[in-house]
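Notes follow once the structure below has been shown.
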Amino acid sequence: MANSYLNRTMSTGTSRRIFTISNWVRRSGITSNYPRICAYDQDDNNRFEHFFNNADQLYIEHVSGGSQNIHLVTTRKFRDTSAWYHIVVAVDTTQGTASNRVKLYINGVQETNFTGTVTYPSEDADLIFGTANVFYVGASGYQGVAQHFDGYISHAAHVDGQALAPTVFGETDSTSGIWKFKSPSGVTWGNNGFHLKFENSGALGTDSSGNTNTFTVNGNLKQSKNTPTLLWATTLPIATNNWKQSSNPNLASNGATSLLENGGQHKQSPSSIAASTGKWYCEVKITSGSDAVYGVVSSTLMSFGGDSYLYAGMNKTGSGIGLNVVNGNKIVAGSESTHGAQISNGDILMMALDVTNQKFYYGKNGAWANGSGAYSGSFNAAVGAISLPAGAGTSFDAFYHFSFSPYNASCDINLGQGTFGTSAVASAGSSSSGDDSVWEYDCPTGYYGLNSKNLNTYG
């Protein structure tokens, strides 16, 4: 959350020379506010910062007595808002070789390519770690609390007195080959060490290391279903130029489940997970503005040539289906026609995607569109069905995303996480058996929320 963070004033540490920091992070969007993953701050002249810079590179900096003695900026950029990154920083200034004094690992692999000036601490240098200063998770504090991390942080950990390998906190899945979370065990955490699992929604700052180094929770920090072991769909506010026709992408917040378009153009943000089969459901709450198009698009979403804006259903080649909230009309292959009725501020739009049978459905505030300009009654697969456009269901096009295109407007999206922005659903409706999604209204039977588990089971 953009105003949320955790902090704790640390005591005298086990070591000022040796430590490890491990965080699993998922970005909400691409921003220019230098979002801090964590920081250990006294003031501008004495601080440690660990963040993404405005070029989306990972930046590690330590300043002592006003002099910068750690400066590492990765060559690679971190712009995938659909993925979790496991970031480990292992520091040991007692090492004789300068490059061994600070090691950075991304998803289990040591990062060795850096850009610009590379600075390592001198041998046996004492750092700010281990002093009685403030440790921040999700913000910095040396110029007042600022530069909040807007996204997801999971299993934030600090080991005081040991420089550990990433294999303490993660491992390669034997089937998929993907780097995944592993619960650390047998770790000697040291005086200031902590492990924030974020398991207790009422006490998110609880330390599980055994040290009881509990953090204070600030802002409207919320527990999320989105974790490194269960990946939920969010939105992709910026992707390739095929997804957007403007250099100004939709602004994403609240873990990329809230979107704001403020440039006067339709700019499409697809769901971060697509499906090639199965039945899927989501809800969109209109929070401002009166113009938007929401629907479904195929993954290829080819270039739109000279078109200056983009929304589902506009392309005559048949990339998807959109609903114009101004009048409730459906838009299919560039043609608009009657379907439902207007969607206004505060309304919740319901969308159901049946990829298996190539059908799509719209609802509003618990009732489903009947295709003749109204919303009436419970879900019926034979009523209000819109066929996915011909030609959009072959080859790679068989993968479909939900699509969100506000226009001078904003929206909150519930893809099963059970919240609209920072607020929980008002009164939870039903979910299909086997699905732990939480919805405002009853989810049609046999439809599911888009997450990695459901995709594997029902997709």
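In what follows, residues are counted from 1 in the order of the sequence shown. As a basis for the values below, the full set of heavy atoms in this structure was taken, side chains included, without hydrogen atoms, waters or symmetry mates.
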Taking [X] first and then [Y], would you say they form a salt bridge - that is, a charged N and a carboxylate O separated by under 4.0 Å?
{"X": "R79", "Y": "D56", "answer": "yes"}
{"X": "E111", "Y": "K103", "answer": "no"}
{"X": "D92", "Y": "R17", "answer": "no"}

If we ignore hydrogens and angles and just use 3.5 Å, is the side chain of [X] paired with the main-chain N or O of [Y] as donor and acceptor?
{"X": "Y40", "Y": "T131", "result": "yes"}
{"X": "Y120", "Y": "T97", "result": "no"}
{"X": "E283", "Y": "Y441", "result": "yes"}
{"X": "N451", "Y": "Q417", "result": "no"}
{"X": "T20", "Y": "L164", "result": "yes"}

_Are the side chains of V89 and V91 in contact, using a 4.5 Å heavy-atom criterion?_
yes
*Taking all non-hydrogen atoms of both residues into account, name the closest pair between E49 and S140 and its distance.*
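Here E49 and S140 meet closest at OE1-CB, 3.4 Å.
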_Quick one about H62 and N69 (side-chain donor to acceptor, distance below 3.5 Å, no hydrogens or angles considered), yes or no?_
yes
_Just to verify, which of T257, T287, N414, V284 counts as forming a side chain to side chain contact (heavy atoms under 4.5 Å, CB included) with F420?_
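The side chain to side chain contact (heavy atoms under 4.5 Å, CB included) with F420 is passed solely by N414 among T257, T287, N414, V284.
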*Those residues that, when tested against D173, pass side chain to side chain donor-acceptor pair (under 3.5 Å) (two or more places apart)*: S176, K180
*What residues form a side chain to side chain donor-acceptor pair (under 3.5 Å) with D442, not counting sequence neighbours?*
S430
*F51 six-ring face occupied by R36 cation (under 6.0 Å, within 45°)*: yes
*Do R27's NZ or CZ and the ring of F52 fall within the cation-pi criteria of under 6.0 Å and 45°?*
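Flagged: R27 positioned over aromatic ring of F52.
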